[in-house]
Every structure is written in C-alpha cells, then in structure tokens.
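All of these numbers come straight from a predicted model, not from anything done at the bench. The analysis underlying the following values was restricted to heavy atoms, covering all of them including side chains, and did not include hydrogens, waters or symmetry mates. Each chain gets a letter, A, B and so on, in the order the sequences are listed, and its residues count up from 1.
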Number of protein chains: 2
Amino acid sequence: MPEPHHVLFKTLADPTRRAIFERLCRDGDTTVAALTARAGVSQPAVSKHLAILKRAGLVRDRQEGRQTHYSAELDALAPLVDWTNRMNGFWQNRFDDLEDLLKRMDQ
Amino acid sequence: MPEPHHVLFKTLADPTRRAIFERLCRDGDTTVAALTARAGVSQPAVSKHLAILKRAGLVRDRQEGRQTHYSAELDALAPLVDWTNRMNGFWQNRFDDLEDLLKRMDQ
DNA sequence: CAGATTAATAACCAGAGAGTTATCGATTTC
DNA sequence: GAAATCGATAACTCTCTGGTTATTAATCTG
C-alpha cells in the first residue's frame, strides 16, 4: 500500500524540508548546525525534518564526535523519476489507441 | 517565490488527488461522475481535488451539457522532471570537485 | 413543466503536521 | 570536573487541509 513514490511526494512537499534536501544535494556532507544556520527555522525543527528525510531514505547521517553530518542519498529519487516516466508512458499509449484518438477528435 | 515545482509537489502529495491525476493520465478524458465512482471519496471531494489540480495546471476541463470532462495536462509535469535533473546535476558537479572528493574519502 | 441528474460551492469538523520552547544525553574544551 | 556545545526528544500550540453533508445552478428527460 505505501507505494515507494508516495513517501517521496509527501516528504518533498514541504518547502523547508525540500530546501534542506536541495542544500545537501548542492553542498554535500553538512552538519545540523550549518543547516540550521540557513534554514530559517529552529534547530529542533531542522532535526525533525532531517529525521523525516532519513525515514524517506533521502539522506544518510554520520556521527562525528558530538556533531551529526548529513548527506543526500540521490538514488532515493528514482521512484519519483519512474513515476513521471510512467505518467508519460500512459500518455504515449493513449495516442496509439485509435479508439481514444477518435474520442479526442470530436472534442 | 512560488517556484514552479513547489505547487506540483504540494498538489501531488495527496494520494487521493494523485490517484485522480494518474487515472486521467491512463484513461484520458473522463467525467466527474466516472472519477467519483472509483475515487473512494464523495463527489464534492473529487470536485475540490479537480479544482486544485486545475489551478496547478495539471488538468484541463471541458463542459459538455451538464457534465464536465477532465483530462491530464502532461506537460505540466516538466518542472518536476527539471527539478530531479537539477538535483542529479548537483550530485555530478560534486564528484568533479576534488575538494569534496577528499571530504568524502575520510568518512 | 416537473422531476431527476450533474457538478460546483458553502459551511463545518477533525486530524495531521510544522512550528515553537524546554530539556536532556553526549560530547568537547577549559 | 565544570562549563559549554551539539543535536535529538518531549510537550504543546496553531494552522492548514481533506473529508463530510447540505445546498444550489444548470441541464437533461419524461
């Protein structure tokens, strides 16, 4: 039931959370403190977003002394790409279908 | 401020709404009644979802007598594809960066 | 024209979730 | 060892949104 792309849509729908992920994609390995500095929200808020990103498989964390480094797990986006491709595939199939073509002509 | 991909993530994050969009991609032009039949929610709920999909540019509507036909606007997904590509691009760039390579080696 | 059907809107409700402050455990530093 | 720093968790609040039922406008049908 929980299709792989669903958790991605849910997780990336929040702008703050998506911004954190984008930053990790751009800059790579980054500490929570560094992320908080530019997130525009409190540190606990950032930690919560990171936990959600982690559960979605979008980020990895790595402990180093008292600080936690996070980095993007880019492969995790695959189901999203697959989904958009599938939508495009449906579209293509419908063009091959003569029945549908006729349905479209009389609109 | 409202980046083009943001509205897409927001709109497609809801499973019911995404299911409606998927159905329109698969089956093409469909009436509200037909969509409601399989949506698992009430007709007003479906209408609201369709309104949101429409504002996001993901669907078109067409009046025919007393029924409204909706169809998917597939090009609207482009900003989503662009975004994932951009994330992948960042990833590639970081591999070209020697500084980052070193940073990754000592983890 | 009366009754039925279609879909949008209004008004409302309940749950989710993103934010906050406060706190705590675990480190590092002095 | 005391003080400071880092980040996760707890507890709470407030808003946003997806759902509902009721209603209405518009169209079709008998």
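- The distance from atom CD of B:Gln43 to atom P of D:dT20 is 11 Å, rounded to the nearest whole Å.
- For the pair A:His5 and A:Pro79, the tightest heavy-atom approach, listed with the atom from each and the gap, is CB-O, 3.9 Å.
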Taking only distance into account, with no hydrogens and no angle test, what donor-acceptor pairs under 3.5 Å do side-chain atoms of residues 11-20 of chain A form with protein atoms, sequence neighbours excluded?
unit_1  : atom_1 : unit_2  : atom_2 : d
A:Thr11 : OG1    : A:Val7  : O      : 2.6
A:Asp14 : OD2    : A:Thr16 : N      : 3.2
A:Asp14 : OD2    : A:Arg17 : N      : 2.9
A:Arg17 : NE     : A:Thr11 : O      : 2.7
A:Arg17 : NH1    : A:His49 : ND1    : 3.2
A:Arg17 : NH2    : A:Thr11 : O      : 3.4
A:Arg18 : NH1    : A:Leu12 : O      : 2.8
A:Arg18 : NH2    : B:His6  : ND1    : 3.0

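- Summarising the geometry, the separation between CD on B:Gln63 and C1' on C:dT6 is reported as 9 Å, rounded to the nearest angstrom.
- Defining each end axis of the helix from C:dC1-D:dG30 to C:dC30-D:dG1 as the rotation carrying four pairs' C1' atoms onto the next four, with five pairs an end, the two axes are found to diverge by 20° to 10 degrees.
- The shortest non-hydrogen separation linking B:Glu73 to B:Gly57 is CB-O, 3.3 Å.
- Of the residues near DNA chain D, A:Tyr70 and B:Val41, the one whose nearest nucleotide (by heavy atom distance) lies more toward the 5' end is A:Tyr70.
- For B:Arg66 against D:dT27, a side-chain N or O and a base N or O form a donor-acceptor pair under 3.5 Å.
- Taking the six-membered ring for Trp and thresholds of 30 and 60 degrees, B:Trp83 and B:Phe9 have ring planes more than 60 degrees apart, a perpendicular arrangement.
- Here the shortest heavy-atom pairing between A:Leu58 and A:Ala76 reads CD2-CB, 3.8 Å.
- Sorted pairs that involve residues 74-83 of chain A and meet salt bridge (Lys or Arg N to Asp or Glu O under 4.0 Å), not counting sequence neighbours, are lacking altogether.
- In this structure, of C:dA8, D:dA8, D:dG7, it is D:dA8 that holds the atom nearest to the side chain of A:Pro44.
- Going from atom NE2 of B:His6 over to atom P of D:dC16 covers 13 Å, rounded to whole Å.
- For DNA chain D, the neighbouring residues in residues 7-20 of chain B, judged by any heavy atom under 4.0 Å, are B:Asp14, B:Thr16, B:Arg17.
- One atom, NE2 of B:His49, and another, P of D:dC16, lie 18 Å apart when rounded to the nearest Å.
- Atom CZ in A:Arg62 sits about 16 Å away from atom P in D:dC6, given to the nearest Å.
- Regarding B:His69, its NE2 atom lies at a distance of 16 Å from the C1' atom of C:dA8, rounded to whole Å.
- Judged by closest nucleotide on DNA chain D, A:Ala34 is the one of A:Lys48 and A:Ala34 placed further toward the 5' end.
- In the set C:dA7, D:dT9, C:dA18, the nucleotide with an atom closest to the side chain of A:Ile52 is C:dA18.
- Between the CZ atom of B:Arg55 and the C1' atom of D:dT17 there is a distance of 12 Å, rounded to whole Å.
- For A:Glu22 against B:Phe90, the heavy-atom pair with the smallest separation is O-CD1, 4.4 Å.
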List the atom pairs, donor and acceptor, that lie under 3.5 Å between side-chain atoms in residues 38-45 of chain B and the rest of the protein, sequence neighbours left out.
unit_1  : atom_1 : unit_2  : atom_2 : d
B:Ser42 : OG     : B:Ala45 : N      : 3.4
B:Gln43 : NE2    : B:Ser47 : OG     : 3.1

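- Of all non-hydrogen atoms in A:Leu50 and A:Val59, the two that sit nearest each other are O-CG2, 3.9 Å.
- Counting to the nearest Å, the P atom of D:dG7 and the CG atom of A:Asp61 are 11 Å from each other.
- An OP1 or OP2 oxygen of C:dG19 is reached within less than 4.0 angstrom by no side-chain nitrogen or oxygen of A:Ser42.
- Considering only residues two or more places apart in sequence or on other chains, A:Asn88 meets the side-chain contact (heavy atoms from CB on, under 4.5 Å) condition with B:Leu74.
- The side chain of B:Thr36 contributes no N or O atom lying less than 4.0 Å from OP1 or OP2 of C:dA7.
- Considering only the side chain of A:Ala45, C:dT20 comes nearest among C:dT20, D:dT20, D:dG7.
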